[in-house]
Amino acid sequence: MTYPFLEIEKKWQEYWDKNQTFKVVEDPSKPKYYILDMFPYPSGAGLHVGHPEGYTATDIIARYKRMKGYNVLHPMGWDAFGLPAERYAMQTGIHPKITTQQNISNFRRQIKMLGLSYDWSREIDTTDPNYYKWTQWIFLKIYNSWYDKELNKARPINELPIPNNLNEQEKYEYIANQRLAYLAEMPVNWCEELGTVLANEEVDEWIEKGYKVERKMMRQWMLRITAYADRLESDLDELDWPENIKDMQRNWIGRSEGAEVEFQVKNHIDTIKVFTTRPDTLFGATYMVLAPEHKLVEKITTSDYMHNVLKYKEQSSLKSELERTSLDKNKTGVFTGAYAINPATKKEIPIWIADYVLLSYGTGAIMAVPGHDERDYEFAKKYNLEIVEVVSGGNIETAAFTGDGIAVNSANDEVSLNGLPTKEAKEKIINWLQEKMIGKRMINYKLRDWLFSRQRYWGEPFPLVYDENGRVIDLPEEELPILLPDVESYKPSGTGESPLATIENWVNYVDKKTNKIYRRETHTMPQWAGSCWYYLRYLDPNNPNKFCDSEKEKYWMPVDLYVGGAEHAVLHLLYSRFWHKVLYDLGYVSTKEPFIKLVNQGLILGEDGQKMSKSLGNVINPDEVVENYGADSLRLFEMFMGPLEDTKPWSTKGVEGVFRFLNRVWRMFIDENGKINASLKDIPLSVEQERILHQTIKKVTNDIETLNFNTAISQMMIFVNSFINLDVKPLSAMKIFIKILSPFAPHLAEEIWSRLGNSQSIVFEPWPEYDEEKTKEDMIEMVIQVSGKVRAKLQIPLDSTEDLVKDLAMKQESVKKYIEGKEITKIIFIKNKLLNIVIK
RNA sequence: GCCGGGGUGGCGGAACUGGUAGACGCACAGGACUUAAAAUCCUGUGGACCGCAAGGUCCGUGUCGGUUCGAUUCCGAUCCCCGGCACCA
């Protein structure tokens with residue numbers, strides 16, 4: 001007979017729902033705790049066993065913190081815009097709204113079946129107009145801001161100082177160029193079959209699925225995240241996040257220090273600016289390379305070379321980002337016929353174009369120092385360009401020397417670096433460049449501005465229109481939300497515009513006051529937009545007047561613990577930190593950072609140790625697990641498998657193991673007739689029982705705090721193993737045990753708690769305290785070593801002195817045997833641990 | 001190549017701050033209950049060797065070395081695995 005988990009779980013889920021047990025409101029008398037799960041994309045496939053892992057972990061902490069007296073905010077919602085629903089609509093003609101709602105219902109059912117203690121009154125859905133109204137509102141705030149480099153913060157656009165003497169058009173452009181959201185003609189990843197651009201990070205995924213992605217110049221909305229590069233990097237130091245995630249963000253931001261140097265193009269008025277981290281090697285710059293898309297290319301190319309250059313440009317434009325970067329060892333390029341003057345050597349150096357130089361990094365041009373840069377070296381070898389040694393320490397006959405060393409061959413009439421170590425040489429040459437006004441110290445970031453528009457239907461419309469001159473006009477806040485219109489066909493328009501562009505009466509926007517006709521922006525926002533700020537909407541999900549009441553924001557923020565998959569390490573977490581900082585600068589939120597502590601749950605593999613996938617047939621469906629063993633077993637097993645952060649394989653036998661444990665717990669309290677087990681009596685605990693009880697409270701308490709749920713469960717198993725066979729079980733200990741089990745197996749705990757005669761839910765019972773003194777053993781096992789090897793074990797009273805232990809040890813046959821006739825050189829005594837007799 | 005994390009029984013994993021390696025669970029073996037099975041309960045279970053037995057000896061935390069009375073833990077080298085990044089000038 002197994003315990004009636006199906007019945008119990010249904011009963012308590014209904015109870016929690018009906019009584020709104022987990023609904024919270026602000027309560028200044030209690031400390032708050034905001035614990036957040038990364039909200040899921042409700043896919044058609046339903047919940048995966050990976051989801052309950054993180055959700056159970058946060059649920060245990062949420063329930064624990066409630067019992068500890070915290071006011072716990074623990075919400076759930078749906079990140080429901082996205083391409084899969086739209087693609088399904090393209091195939092079936094069914095509105096994505098409908099499939100999305102179906103998927104959400106299924107996800108909600110599955111999540112509810114796990115007994116997670118969410119405050120469902122705060123449920124949000126990014127595709128709900130009442131939600132995306134505020135996504136649009138925040139976009140307008142970003143659009144209507146500029147970055148003040150002096151104050152190092154964003155400010156409203158109407159505070160932007162505007163130079164006099166600008167005409168109206170110039171003024172418009174000046175302002176447009178300062179906004180944190182701006183239009184730019186960009187090389188983008190265009191996928192013809194999907195009919196949309198893709199973010200760089202999305203490209204690989206679609207190529208794997210067999211789609212073609214090409215580079216194309218398109219006008220797109222960009223968000224000026226680069227203005228925050230510095231703060232996004234330095235504020236990481238304050239966060240309690242896994243070191244590898246912080247590192248990934250640092251790498252992504254990619255700060256590097258160096259200098260910008262200007263090179264005069266021979267016989268032209270133009271100069272070429274380059275960024276270099278090694279200004280000390282300026283004397284070794286023997287040629288220059290421009291990215292093929294660099295705007296000076298066609299201007300400086302001589303007629304003899306024009307044909308080649310254009311052909312090369314054509315070829316590289318056809319390559320995708322992936323192709324351009326994966327053909328790493330074979331660099332190509334062509335000479336432009338033009339020369340630049342190396343400002344240090346005054347020599348004429350040839351200007352090439354090559355696609356190993358990227359337009360998007362630095363200035364899109366480099367000074368090539370083949371002696372001290374591997375890429376330049378390889379390129380110079382291939383095309384027979386001059387290689388000069390300017391830093392000693394390597395052998396440039398065989399390879400570029402990229403390390404630090406002593407500068408050589410680096411002097412002109414005005415400045416000499418010769419003899420200086422790299423660091424000093426950098427300083428000196430930068431000073432010289434600055435004096436000559438041809439260069440300056442500079443910090444560069446790998447981070448690029450965020451390409452924020454998509455040519456899709458299923459996303460938030462931009463609250464923007466264009467006038468007849470193509471100028472952008474933001475719509476007033478009162479008109480939000482800008483509703484996503486219904487559409488006949490979800491297929492791409494075929495013109496590189498979103499399906500929205502085909503709806504004439506939506507595209508044409510009539511200003512009510514002036515009756516002027518404007519054209520709406522028909523692109524939509526990327527999926528990341530909704531997830532950038534959802535943690536704020538949970539605080540005040542139904543507020544029709546504000547994205548979030550500021551008193552509520554001050555009470556709940558920041559998020560104390562954020563748990564989710566490592567796949568969002570960079571993008572979601574960087575984007576939402578960025579939005580948060582903009583809101584912070586503008587005074588809408590009170591904290592610099594949204595998520596104080598972050599934990600990534602590990603991946604759950606199939607039973608075969610491989611990643612779960614339909615094609616391998618190793619996918620575990622949580623519905624089936626719950627049906628066969630109950631939600632409490634699923635929860636417990638997911639936590640028992642191993643450390644939360646680790647990747648670990650599923651095991652059906654393992655689920656059976658924890659299921660057996662829960663059955664043992666049930667039988668410990670309830671007999672075959674469903675009555676309270678007659679062995680439960682109101683009797684005092686023995687010293688031994690008290691010790692195990694207090695050890696268990698201590699271990700479980702500490703392990704929850706440190707998120708070591710697997711060992712907490714082990715300890716509870718130890719407790720049950722030692723109490724289950726007692727003929728008489730002390731009721732007081734049993735009650736304490738069921739409380740500490742309750743965050744892990746809440747349904748079972750509620751049922752037993754209520755059968756023990758309690759009319760109130762166990763959810764708000766105070767968490768049991770332990771007494772350190774009572775956790776201590778009075779007799780402990782002392783290890784006796786001879787020269788580091790264990791030779792005997794003694795049962796001795798706690799805190800026995802060295803002398804006592806020594807006397808006892810020396811009497812042991814097994815010890816005598818080894819020390820007899822030997823000289824004792826040293827005795828090491830560690831209280832309550834061991835005695836080590838060192839002999840010669 | 002660079003950055004981060006990790007290699008512990010047949011398996012998932014424990015082990016505080018340098019102090020008994022293998023908690024807890026799975027699997028397996030033996031036993032009890034049962035007409036039988038399932039369920040449940042009890043016992044054993046890192047390896048090699050010695051012993052009829054009680055028990056004992058040696059080896060053992062990827063590999064090789066070092067520090068130490070003592071190393072899964074600290075240091076150096078090395079191999080392998082996982083995750084991320086990768087022409088970023």
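Throughout, a chain's letter reflects where its sequence line sits, starting with A, and its residues are numbered from 1.
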Is the phosphate of [N] approached by [X] (side-chain N or O, under 4.0 Å from OP1 or OP2)?
X        : N      : value
A:Tyr377 : B:rC87 : no
A:Lys789 : B:rC59 : yes
A:Ser256 : B:rA89 : yes
A:Lys826 : B:rC69 : yes
A:Arg667 : B:rA39 : no

If [N] has a Watson-Crick or G-U wobble mate with both distances under 3.5 Å, name it; if not, just say none.
N      : value
B:rC87 : none
B:rG70 : none
B:rA29 : B:rU43
B:rA38 : none
B:rU63 : B:rA77
B:rG4  : B:rC82
B:rA48 : B:rU57

Pairwise [atom1] distance, [M] and [N] [rounded to whole Å]:
N      : M      : atom1 : answer
B:rC26 : B:rU43 : P     : 14 Å
B:rU61 : B:rU20 : P     : 15 Å
B:rU63 : B:rG9  : P     : 10 Å
B:rU78 : B:rU68 : C1'   : 23 Å
B:rG12 : B:rG1  : P     : 28 Å
B:rA21 : B:rG56 : P     : 15 Å
B:rA39 : B:rA54 : P     : 31 Å
B:rC75 : B:rG19 : P     : 15 Å

Any donor-acceptor pair under 3.5 Å linking the side chain of A:Lys729 with the backbone of A:Leu726?
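Yes: the side chain of A:Lys729 pairs with the backbone of A:Leu726.
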Between [X] and [Y], does the ring centre distance come in under 6.0 Å?
X        : Y        : result
A:Trp650 : A:Phe637 : yes
A:Phe719 : A:Phe737 : yes
A:Tyr287 : A:Phe379 : yes

Identify, between A:Phe275 and A:Glu243, the residue whose nearest nucleotide on RNA chain B lies closer to the 5' end.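 Between the two, 5'-proximity favours A:Glu243.
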Please tell me which of A:Val570 and A:Asn663 maps to the more 5' nucleotide of RNA chain B, matching each residue to the nucleotide holding its nearest heavy atom.
->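 Whichever sits nearer the 5' end wins; that is A:Asn663.
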Q) Will you find, in the side chains of A:Thr398 and A:Tyr377, an N or O donor that is under 3.5 Å from an N or O acceptor? A)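 No, because no side-chain N or O of A:Thr398 sits under 3.5 Å from a partner of the opposite role on A:Tyr377.
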| Exercise: do A:Ser256 and A:Tyr445 side chains pair donor with acceptor under 3.5 Å |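 Absent: no donor and acceptor within the cut-off.
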Which of these nucleotides, [options], is closest to any side-chain atom of [X]?
X        : options                : answer
A:Arg660 : B:rC41, B:rG25, B:rA27 : B:rA27
A:Asp373 : B:rA14, B:rA89, B:rG4  : B:rA89
A:Asn710 : B:rG19, B:rG13, B:rA89 : B:rG13
A:Val790 : B:rA89, B:rG12, B:rA21 : B:rA21
A:Pro643 : B:rC42, B:rA14, B:rC85 : B:rA14
A:Asp247 : B:rG19, B:rG4, B:rC24  : B:rG4
A:Thr711 : B:rC24, B:rA15, B:rG12 : B:rA15
A:Val357 : B:rG4, B:rA89, B:rU20  : B:rA89
A:Lys793 : B:rC41, B:rA89, B:rU20 : B:rU20
A:Phe640 : B:rC24, B:rU57, B:rU40 : B:rC24

Looking for any heavy atom pair under 4.0 Å, which part of the strands does [X] touch: base, sugar-phosphate only, or nothing?
X        : answer
A:Thr825 : nothing
A:Ser651 : nothing
A:Ile828 : base
A:Arg791 : sugar-phosphate
A:Glu645 : nothing
A:Asn725 : sugar-phosphate
A:Gly654 : nothing

For the pair made of [atom1] in [X] and [atom2] in [N], what is the distance, rounded to whole Å?
X        : N      : atom1 : atom2 : answer
A:Gln695 : B:rA23 : CD    : C1'   : 12 Å
A:Ile830 : B:rU68 : CD1   : P     : 17 Å
A:Asn721 : B:rC26 : CG    : P     : 10 Å
A:Lys831 : B:rU17 : NZ    : P     : 19 Å
A:Gln715 : B:rA23 : CD    : C1'   : 9 Å
A:Tyr629 : B:rC26 : OH    : C1'   : 13 Å
A:Trp650 : B:rC11 : CH2   : C1'   : 16 Å

> Does A:Lys611 NZ have over 12 foreign heavy atoms under 6.0 Å away?
Replying inline: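 No.
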Original post:
Can you find a donor-acceptor pair, distance only, under 3.5 Å between A:Lys833 side chain and B:rC16 base?
Top reply: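 Yes, a donor-acceptor pair under 3.5 Å.
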### Query
Does the B:rC11 base have a donor-acceptor partner in the side chain of A:Lys653 within less than 3.5 Å?
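Per atom types, no contact qualifies.
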Should the pair A:Glu688-A:Arg691 be classified as a salt bridge under the 4.0 Å nitrogen-to-oxygen rule?
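Salt bridge flag = yes for A:Arg691 with A:Glu688.
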- Can the positive tip of A:Lys331 be found less than 6.0 Å from the middle of the six-membered ring of A:Tyr356, inside 45° of the ring normal?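 Because its charged atom sits under 6.0 Å from the ring centre and within 45° of the axis, A:Lys331 does stack over A:Tyr356.
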ask   = Would you call B:rG9 syn or anti, using the 90° rule around 0?
value =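 Syn, since the glycosidic angle lies within 90° of 0.
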